[in-house]
Number of protein chains: 4
Amino acid sequence: MPDCQSLPIANSFKLTRVGVVGVKKPILVRRGKEDHHLNAEIDVFVDLPSTQRGSHMSRDLEVINEMIDASVRRKVSSLEQLAAGICRELLDRHDYASYAEVLMSADYFLERRPEGGRKSLEPYKLMARARAKRGDGLMKQVGVEVQGMTVCPCAMETALRKMEARTPELRKLAGKVPTISHNQRNRTSLMIEVPEQVDIEADDLISIVESSQSSPTYGVLKREDEANIVIQAHKNPKFVEDVVREILGKLLKKYSKLDDSVRVTVRSESEESIHKHDAFAERITTLGELREL
Amino acid sequence: MPDCQSLPIANSFKLTRVGVVGVKKPILVRRGKEDHHLNAEIDVFVDLPSTQRGSHMSRDLEVINEMIDASVRRKVSSLEQLAAGICRELLDRHDYASYAEVLMSADYFLERRPEGGRKSLEPYKLMARARAKRGDGLMKQVGVEVQGMTVCPCAMETALRKMEARTPELRKLAGKVPTISHNQRNRTSLMIEVPEQVDIEADDLISIVESSQSSPTYGVLKREDEANIVIQAHKNPKFVEDVVREILGKLLKKYSKLDDSVRVTVRSESEESIHKHDAFAERITTLGELREL
Amino acid sequence: MPDCQSLPIANSFKLTRVGVVGVKKPILVRRGKEDHHLNAEIDVFVDLPSTQRGSHMSRDLEVINEMIDASVRRKVSSLEQLAAGICRELLDRHDYASYAEVLMSADYFLERRPEGGRKSLEPYKLMARARAKRGDGLMKQVGVEVQGMTVCPCAMETALRKMEARTPELRKLAGKVPTISHNQRNRTSLMIEVPEQVDIEADDLISIVESSQSSPTYGVLKREDEANIVIQAHKNPKFVEDVVREILGKLLKKYSKLDDSVRVTVRSESEESIHKHDAFAERITTLGELREL
Amino acid sequence: MPDCQSLPIANSFKLTRVGVVGVKKPILVRRGKEDHHLNAEIDVFVDLPSTQRGSHMSRDLEVINEMIDASVRRKVSSLEQLAAGICRELLDRHDYASYAEVLMSADYFLERRPEGGRKSLEPYKLMARARAKRGDGLMKQVGVEVQGMTVCPCAMETALRKMEARTPELRKLAGKVPTISHNQRNRTSLMIEVPEQVDIEADDLISIVESSQSSPTYGVLKREDEANIVIQAHKNPKFVEDVVREILGKLLKKYSKLDDSVRVTVRSESEESIHKHDAFAERITTLGELREL
């Protein structure tokens, strides 16, 4: 069979990334004693030199399949460990490539219980990324996306002033009773580089994000629970900017032993209930830059 | 050229609907003195008898193009008028068909101004549907989808009880100051049949929906406006069930002269800020059934 | 705590469906000796009488959670069995309701191997639906969505004529060598009612759909396999109409013992490579109607 | 009214980007004598210093509204000109910011006619981006996304070998008659920096992309046209890698006078008809790097 991919070519420019996107695979991750059955969506890429017409994309799929099969036998303890393994293998199989990259994401569930309420499995998103330059080590990242609730601190303040102007008695309750505001779903994602020999628990990242929104949200809430969540969230109003900064502060504490070079991205979006568009805040940085504060 | 579509076939079952979906076209609708430039997404279908192997789908596109071209010259005053024209023409061109159906939707903008605030164009969605059985008249519908805000009446009530238990002074303010609750984006759609010789303004439908949510939402809100919207919405808490029922009540008043047979569908979804899933309510009915109440 | 949902109401219209949509839950289905870990997306609804202001939606979530928990202990053998269980329980818990409905869907994987090629897990979609009127039995359906390839029979025929006109030698090869055409991804879904005491295997439905497209598609294809798939698909050109009809024919054979009243929906969409829109064909029917042919 | 956004803060980290996303607005662009009515989706961002709690997001919407209103009076000739204007104004209004960024995209239509066929409006996507550092000039980019068709060169070659082995007569037709292969929808995007004083026509970019796929695609194709497109596409097989490289080559020729520093991104995805995943190729570069070849 002819090797079309290796034939001489007309516009012999090198390419930054060539690969396959949207590959769906079931994956088994064993975390301590727990098995997590994840349905991952996977993108993989390598670069392509100017001398090579096409990337052998069937190898991308072979690598994905073999590494997932191997993970069942040898136990993979995280999505990012699997991503790193695939990334290394891509460089092995594409000898013309000097760069490889892997992106993975999957729905993920954790048991949660609102104070005094019932246990339920809440959905989250796990993410992993790995990239490697040949002869230059490998960088891997783990990430999570968490849905929660934000209450706007600004509308709360201005609504209070307005209402106090009409109902002066309200002033006596200052600080005792939370004021109305707009609140909404907030989606916040956090990705952090995982250095060699270090293990970062996705569940910890989820806890960091979830505790930095105005309130976590839950599938099952009885009347009593609903009231508690609403009151708690209004005692804890947050801009998207606040959510991102609180997460950054907690990351510094939690990962105080990690190197300055560790990359971090935090992104928060609130689906504003008073607008038809979303509010957005983001920080792309390293632990070192954050420590300089 | 051979006519593959008309060749004899193996499994000669008739088919319910055959056609093309996801056709994008720019459309000009002239409403009074205003021109609306809409980018429509269009699906068209006819049925197929057991004796015909394939539907001539290129005719579907010819009909769409010709009717849109004609609409620029002869002025079309609504999306549903255009849908009806396309539907009739589909039956003409597909002589083997006894049924035709057209679905259209498009982003749409109206100027809105919060009380005391600034004017801005707010986005809505227009929808139209037409279907015809050969020899049996044509049914057309116009619809809108409107984003607004809902405040939960239940969490408001239970949060108040909880807070009153801890802060009895709060009772004196009963009815004067609105209580906190969860609130969120709500998407509500309304479709109504448009009888022959009758004209239903999409803008009226948008007003009916927008006035039935806890509050409309706006692109530009200065601090003062934001406080007003939040206060107003909390004075007007609504379940999705309430939104649908209020719209049904307004439809009965507004369209009191329309026939009992007129079909109506109202659907409301709140993107609950305390949950990761949405709340949903729907009524599919006729004006006649509603009048029986 | 006050029961807001049961308070007297203004626009006391009954509602067709009220519930929650977009609930995500991990589910364990045991099929023979195999465990399938599915991540389901679930919608549940009940109707609401004119006398009831709101549906108790927290009960919807309780029912979902309890039935899923129970399924782990008591073994559920299919998504539709679980949907039916949830549906029955909804009627039990919402005593004001006379109707309940449940929709579920989940990614699903089966091992496939192209002739002479390598094994790989291919992604499919499982669907289930259950609905019940109080005192009137329960209807449940199972469904699948399958991606495959279709080759257009019409373009194949016309391209052949054109090419024969220029290259008369081509005529000698008539029937020996398949002709070029446009081909593309095709998504076809099939839903069928599952009568009491009957078991319908989703894997059988997937096989029926997959064998009715021009060719199945695969994750890993080496050069040799790719050539085989392309040749095989071009020997088996199919309109979306053909795909739907072939499935209908196979359903009649495979389920010859099922009752005439069994409902069937088959829908096929080809993402036409020569157009920016999709081709669509659909049949909504019963086995009885199909048998009348 | 209190200015919450300017209050002292706990975790005083600076933020990379803060703003609003998903703003929908109708826009009028006048290109020569033609008016284009676009429905744009807009994201805008500024950075936020560590000393500022919140960004004044209502100003983001004011800027968008005012610049769009002004564009109707003063004529804006491109989406990227409007993006640049909004970007400059963002820095003016957010005096605490040192960086601003604007992203816009909109559906766009151009008349196309297959050789010998009928005219029809084909849908494309326009994109624009602008970003500015205070005191450091502004960078703007224009982009397009184009759907077309790719035919796989590799499967064509291997299918030919297979068929020749069984049908040796086929060899005599070598080069005269194109061979079967898999073909599919391809989406390719191209973004290029637009230097000051330079005007880049989006229509030219669309032509460059459209002429670099195996074939353009069309809404209306009669049998004859369909055969022509299929034959032409099979005479012009292309990997995603080929599509990207051909575009890079054409950009070098077309924009030979533009500076070496001009940034270019080309990205091509084929929705492989034989797979359930997509093939992907990308180059992120400058004209200077491309000229070094």
Side-chain angles (χ1 to χ4, degrees), chain B residues 1-6 20 22-29 35-42 54 56-66 68-69 72 106-114 117-126 147 185 218-228, chain D residues 1-6 20 22-29 35-42 54 56-66 68-69 72 106-114 117-126 147 185 218-228:
Chain B
M1 282 286 152
D3 181 355
C4 270
Q5 280 81 359
S6 304
V20 295
V23 178
K24 287 183 169 186
K25 291 287 172 190
I27 284 175
L28 179 64
V29 169
D35 279 4
H36 289 284
H37 296 269
L38 305 174
N39 288 347
E41 187 142 339
I42 310 171
H56 296 90
M57 295 186 193
S58 66
R59 294 181 194 168
D60 295 342
L61 271 294
E62 287 174 340
V63 168
I64 291 171
N65 281 355
E66 290 168 25
I68 289 175
D69 281 356
V72 175
D107 284 338
Y108 181 67
F109 296 86
L110 286 177
E111 200 173 81
R112 288 289 188 259
R113 181 208 294 270
R118 301 174 193 208
K119 281 190 298 189
S120 179
L121 285 169
E122 292 296 322
Y124 303 94
K125 196 177 254 181
L126 277 190
Q147 246 184 62
R185 275 194 203 152
Y218 299 92
V220 188
L221 290 175
K222 300 306 286 180
R223 273 194 202 95
E224 187 93 17
D225 310 324
E226 210 174 295
N228 288 336
Chain D
M1 281 285 152
D3 181 355
C4 271
Q5 280 81 359
S6 303
V20 295
V23 178
K24 285 184 171 186
K25 292 287 173 192
I27 286 176
L28 179 62
V29 168
D35 279 4
H36 289 284
H37 296 269
L38 305 175
N39 288 348
E41 186 142 341
I42 310 172
H56 295 91
M57 294 186 193
S58 67
R59 294 181 194 168
D60 296 342
L61 271 294
E62 287 175 339
V63 168
I64 291 171
N65 282 355
E66 291 168 25
I68 289 176
D69 282 357
V72 175
D107 283 339
Y108 181 67
F109 296 86
L110 287 178
E111 201 173 81
R112 288 289 187 259
R113 180 210 293 271
R118 301 173 191 208
K119 280 192 296 189
S120 179
L121 285 169
E122 293 296 320
Y124 304 93
K125 195 177 256 181
L126 277 190
Q147 246 185 64
R185 274 195 205 153
Y218 299 92
V220 188
L221 291 175
K222 300 307 285 182
R223 271 192 203 99
E224 186 95 17
D225 311 323
E226 210 173 296
N228 287 335

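Letters go in sequence order (proteins before strands), and every chain restarts at 1.
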- Item | Partner of B:P26 by side chain to side chain contact (heavy atoms under 4.5 Å, CB included), out of D:D107, D:N39, D:L121 | D:L121
- Message: For the CZ atom of D:R118 and the CG atom of B:N65, what is their distance to the nearest 0.5 Å?
- Response: 9.5 Å
- Task: Please list, in residue-number order, every residue in residues 221-228 of chain B that has a heavy atom less than 4.5 Å from any heavy atom of chain D; write 'none' if there are none.
- Result: B:L221, B:K222, B:R223, B:E224
- Message: If we define contacts as heavy-atom pairs under 4.5 Å, which of B:V23, B:D3, B:D60, B:I68 has the most with chain D?
- Response: B:D3
